[in-house]
Amino acid sequence: MFGLRSFGEVVEVASSADANYTFIPKDWTVPADADYLHITTNNTIYGTEIRKDLDVPVRLIADMSSDIFSRPVDVAKYDAIYAGAQKNLAMAGVTIVIVKDDALGKAPREIPTMLDYRTHVDKGSMFNTPPVVPIYSALENLRWIKKMGGVEAMDKLAQQRAEIVYGEIDRNKMFVGTAKAEDRSLMNICFVMADEYKELEKDFLDFAVSKGMVGVKGHRSVGGFRASCYNAQTIEGCNALVACMKEFEANH
């Protein structure tokens with residue numbers, strides 16, 4: 001949002017900032033004179049996710065960096081979808097953009113050549129030196145997704161993983177999920193210690209690490225814990241985290 005404000009007027013149509021971004025706002029409207037609506041479909045920090053394709057009366061632009069290829073998407077509803085590849089597609093260093101032809105060339109002023117999508121469309125994404133290894137990594141991941149059954153299969157796995165981990169969070173008296181149940185992300189499962197066990201937060205993190213749990217610490221700006229369940233995460237990995245949480249509970 002702050003980056004967008006550097007380039008033009010921004011109208012924030014809805015926010016749950018006053019509730020620490022714990023839910024996706026409902027019952028909001030887009031100004032009729034807006035040029036487009038920009039959304040980020042998955043919030044990696046606070047653990048909320050928009051898991052449906054919105055119907056809006058203006059152009060729709062979506063940042064899907066952290067949940068692209070995790071579910072079926074009606075691409076026709078979007079004028080542009082962009083995503084960094086480093087979550088569900090490839091290693092960092094490559095970006096995917098899906099853009100409608102009639103959305104190009106609409107900027108009301110001159111913009112840098114590198115920031116104009118027409119540049120990359122006209123050059124077949126070869127305007128500058130391509131990052132070969134990340135692109136090859138993306139190719140292999142796309143082949144794997146197709147082999148596994150496509151985005152429909154990824155969606156099913158995402159829901160299975162979330163059911164396992166959120167189920168334990170809701171059952172275990174020591175932990176509390178941070179996002180409202182109806183808006184919980186399937187990619188980034190965020191949780192904290194229950195109030196009466198706050199002093200055990202570091203103990204649990206250390207215990208989890210000792211059990212082989214990697215990257216469970218929450219984002220540095222919010223603390224707590226975060227189980228990132230991108231496409232490559234296995235059901236076995238989710239079960240291992242649940243076993244770790246259960247053992248910690250039994251020990252206390």
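Quick note: numbers below take in every heavy atom, side chains included, and nothing from hydrogens, waters or symmetry partners. None of these values were measured; they are calculated from a predicted model.
- Of the possible polar contacts, one joining the S16 side chain to the F23 backbone as a donor-acceptor pair under 3.5 Å is found.
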Derivation of the side-chain contact (heavy atoms from CB on, under 4.5 Å) call for K173 and E249
CA-CA 8 Å; K173 66 180 183 296; E249 178 190 34; 3.5 Å; yes
Apply side-chain hydrogen bond (donor to acceptor under 3.5 Å, both in side chains) to residues T44 and N188 and explain how you reach the verdict.
CA-CA 6 Å; T44 61; N188 304 101; 5.1 Å; no
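- Distance check, rounded to the nearest 0.5 Å: CD1 of I50 to OG1 of T48 gives 7.5 Å.
- Of all heavy-atom pairs between V13 and P31, the closest is CG1-CD, 3.7 Å.
- The side chain to side chain contact (heavy atoms under 4.5 Å, CB included) test applied to A32 returns no partner, not counting sequence neighbours.
- For N42 against S185, the heavy-atom pair with the smallest separation is OD1-OG, 2.6 Å.
- At a cut-off of 3.5 Å, with distance as the only test, a side-chain donor of D53 or Y78 sits close to an acceptor on the other residue.
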As a quick check of understanding, evaluate salt bridge (charged side-chain N to carboxylate O under 4.0 Å, His left out) for R51 and E49, giving each step before the final call.
CA-CA 6 Å; R51 289 190 54 79; E49 186 178 10; 3.5 Å; yes
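- The two residues A90 and N141 come nearest to each other via the heavy atoms CA-ND2, 4.1 Å.
- Put simply, CG on L37 and CZ on R59 are 13.0 Å apart, with the number rounded to the nearest 0.5 Å.
- Between H120 and F127, the ring planes are perpendicular. Angles over 60° get that label, and only those under 30° would be called parallel.
- Hydrophobic side-chain contacts under 4.5 Å tie Y46 into a cluster, directly or through other members, with Y21, I45, V222.
- Atom NZ of K198 sits in a crowded spot, with more than 12 heavy atoms from other residues, nucleotides or ligands closer than 6.0 Å.
- Between C229 and C238, some side-chain heavy-atom pair lies under the 4.5 Å cut-off.
- Test V151, D155, L186 against R71 for side chain to side chain contact (heavy atoms under 4.5 Å, CB included) and you get one pass: D155.
- Note: the hydrophobic cluster containing V58 does not contain L104 (ILVMFWY, side chain heavy atoms under 4.5 Å, direct or indirect links).
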Under the side-chain contact (heavy atoms from CB on, under 4.5 Å) rule, what do T178 and V192 come out as? Steps first, then yes or no, please.
CA-CA 7 Å; T178 56; V192 296; 3.7 Å; yes
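- Hydrophobic clustering (ILVMFWY, side-chain heavy atoms < 4.5 Å, transitive): I135 and I96 are in distinct clusters.
- The OG atom of S66 sits 8.5 Å away from atom CE of M187, with the distance rounded to the nearest 0.5 Å.
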Begin from the C-alpha positions of M245 and I169 and carry the test side-chain contact (heavy atoms from CB on, under 4.5 Å) through to its verdict.
CA-CA 9 Å; M245 296 166 70; I169 292 170; 3.8 Å; yes
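- Between R161 and T234 the shortest heavy-atom distance is CD-O, 4.4 Å.
- The only member of L139, V94, L89 that meets side chain to side chain contact (heavy atoms under 4.5 Å, CB included) when paired with P134 is V94.
- Looking at every heavy atom in both residues, A179 comes nearest to R184 through O-NE, 3.7 Å.
- Here F204 and Y197 keep their ring centres 6.0 angstrom or further from each other.
- Summarising the geometry, atom CD belonging to E163 is positioned 13.0 Å from atom CD belonging to E168; distances are rounded to the nearest 0.5 Å.
- For N88 (side chain) and Y230 (main-chain N/O), no donor-acceptor pair under 3.5 Å exists by modelled atom type.
- Nearest approach of V165 to A227, heavy atoms of both residues: CG1-CB, 4.5 Å.
- Here the side chain of K100 pairs a donor or acceptor atom with the backbone of A76 at under 3.5 angstrom.
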Verdict with reasoning, V11 to E9, per side-chain contact (heavy atoms from CB on, under 4.5 Å)
CA-CA 7 Å; V11 176; E9 179 187 2; 4.2 Å; yes
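- Between the side chain of N20 and the backbone N or O of T22 there is no donor-acceptor pair closer than 3.5 Å.
- Atom CG of residue L200 and atom CG of residue L205 lie 12.5 Å apart, to the nearest 0.5 angstrom.
- By the 4.5 Å heavy-atom criterion applied to side chains, Y82 and V99 are not counted as neighbours.
- Side chains of D63 and S65: a donor-acceptor N/O pair is present below 3.5 angstrom, by distance only.
- Contact annotation: the side chain of I81 approaches that of V73 to within less than 4.5 Å [non-hydrogen atoms, C-beta and beyond].
- Formation of a donor-acceptor pair under 3.5 Å by the D183 side chain with backbone atoms of I24 is found in this model.
- For the atom pair I145 CD1 and R143 CZ, the distance stands at 13.0 Å (nearest 0.5 Å).
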Walk me through it: do D55 and K77 pass the test salt bridge (charged side-chain N to carboxylate O under 4.0 Å, His left out)?
CA-CA 7 Å; D55 291 302; K77 289 188 176 182; 3.0 Å; yes
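- With hydrophobic clusters built from ILVMFWY side chains whose heavy atoms lie under 4.5 angstrom apart, I98 shares a cluster with L60.
- Ring pair F248/F175 is tilted by interplanar angle, where 30° to 60° counts as tilted.
- Scored by the salt bridge (Lys or Arg N to Asp or Glu O under 4.0 Å) test, E247 finds K211 as partners (sequence neighbours excluded).
- Taking a 6.0 Å sphere around CE of M126, one finds it holds 12 or fewer heavy atoms contributed by other residues, nucleotides or ligands.
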